[in-house]
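To keep things clear, I will list the structure first and then write my remarks on it.
Computed from a predicted model, the values in this text were never measured in an experiment. Residue indices begin at 1 and follow the sequence shown. Atoms within each ligand, like the ligands themselves, are counted from 1 in listed order.
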Amino acid sequence: MKVLMINGSPHPNGCTFTALSTVAAQLEKNGVETRLLQLGAKPIQCCIACGKCKDTGHCVFNADHVNEAIDLLREADGFVVGSPVYYAGPNGGITSFLDRMFFFNPAATPSSPPPLW
Ligand SMILES: Cc1cc2nc3c(=O)[nH]c(=O)nc-3n(C[C@H](O)[C@H](O)[C@H](O)COP(=O)(O)O)c2cc1C
C-alpha cells in the first residue's frame with residue numbers, strides 16, 4: 001500500500017511536518033509506504049476554473065507540485081493532507097492546491113459546472 005502525504009506548510013520542518021512525520025512513522029511501521037510532498041514557500045496558483053484538466057487530466061499550471069501530486073495519486077491507495085491553521089482554517093496555499101488537485105477528477109467536479117463548459 002502507498003500513501004501520499006502533503007505538507008501544506010511553507011516550513012519544511014515545522015509543526016505540520018512533525019505531525020505528518022508521526023503519522024508516517026506509524027504507517028511505515030504497519031507496512032504502508034509513504035511519500036511526502038512539501039509545498040514549500042513558493043506561490044501556489046489558485047484554480048481559474050478553465051476546465052482544461054477535464055481534457056488533459058492535468059492542470060494548465062506547472063510551476064508547483066499539483067501535477068506531480070495528480071500523478072502520484074493515481075498510484076496511491078490513500079492520501080493525508082497536513083495544513084497549518086491560519087485564522088481557524090487551512091492555509092491559503094493548501095486550499096488552492098487541493099482545489100486544483102481535486103478538480104482534474106470528473107467525479108470530484110461540481111455537478112453544475114459553470115456555463116463556459
Ligand atoms: C497568518 C497566520 C494565521 C494563523 N492563525 C492561527 C489560528 O487561527 N489558530 C492557531 O492556533 N494558530 C494560528 N497560526 C499559527 C500557526 O498555525 C502555527 O504557527 C503552526 O504551527 C504553523 O505550522 P508550520 O510550523 O507547519 O508552518 C497562524 C499563523 C499564521 C502565519
Tell me, please, which residues at least two apart from Asp64 pass salt bridge (charged side-chain N to carboxylate O under 4.0 Å, His left out).
Arg100

Look at the side chain of Asn7 and the backbone N and O of Thr16, then say whether any donor-acceptor pair between them is shorter than 3.5 Å.
no

So how far is it from Met101 CE to Leu4 CG, rounded to the nearest 0.5 Å?
7.0 Å

Side-chain contact, heavy-atom cut-off 4.5 Å: Val66 with Phe61?
no

Only counting residues at least two apart or in another chain, list the ones meeting side chain to side chain contact (heavy atoms under 4.5 Å, CB included) with His58.
Thr56, Asn67, Ile70, Asp71, Arg74

Sub-3.5 Å pairs, protein N or O with ligand 1 N or O:
residue, atom, partner, partner atom, Å
ligand 1, 5 (N), Val85, O, 3.3
ligand 1, 5 (N), Tyr87, N, 2.8
ligand 1, 8 (O), Tyr87, N, 3.1
ligand 1, 8 (O), Ala88, N, 2.9
ligand 1, 14 (N), Val85, O, 3.1
ligand 1, 17 (O), Val85, N, 3.3
ligand 1, 17 (O), Val85, O, 2.6
ligand 1, 25 (O), Cys15, N, 2.8
ligand 1, 26 (O), Ser9, OG, 3.1
ligand 1, 26 (O), Cys15, N, 3.3
ligand 1, 26 (O), Thr16, N, 2.8
ligand 1, 26 (O), Thr16, OG1, 2.7
ligand 1, 27 (O), Ser9, OG, 2.6
ligand 1, 27 (O), His11, ND1, 2.7

According to side-chain hydrogen bond (donor to acceptor under 3.5 Å, both in side chains), who are the partners of Thr34, at least two apart in sequence or on a separate chain?
Glu28

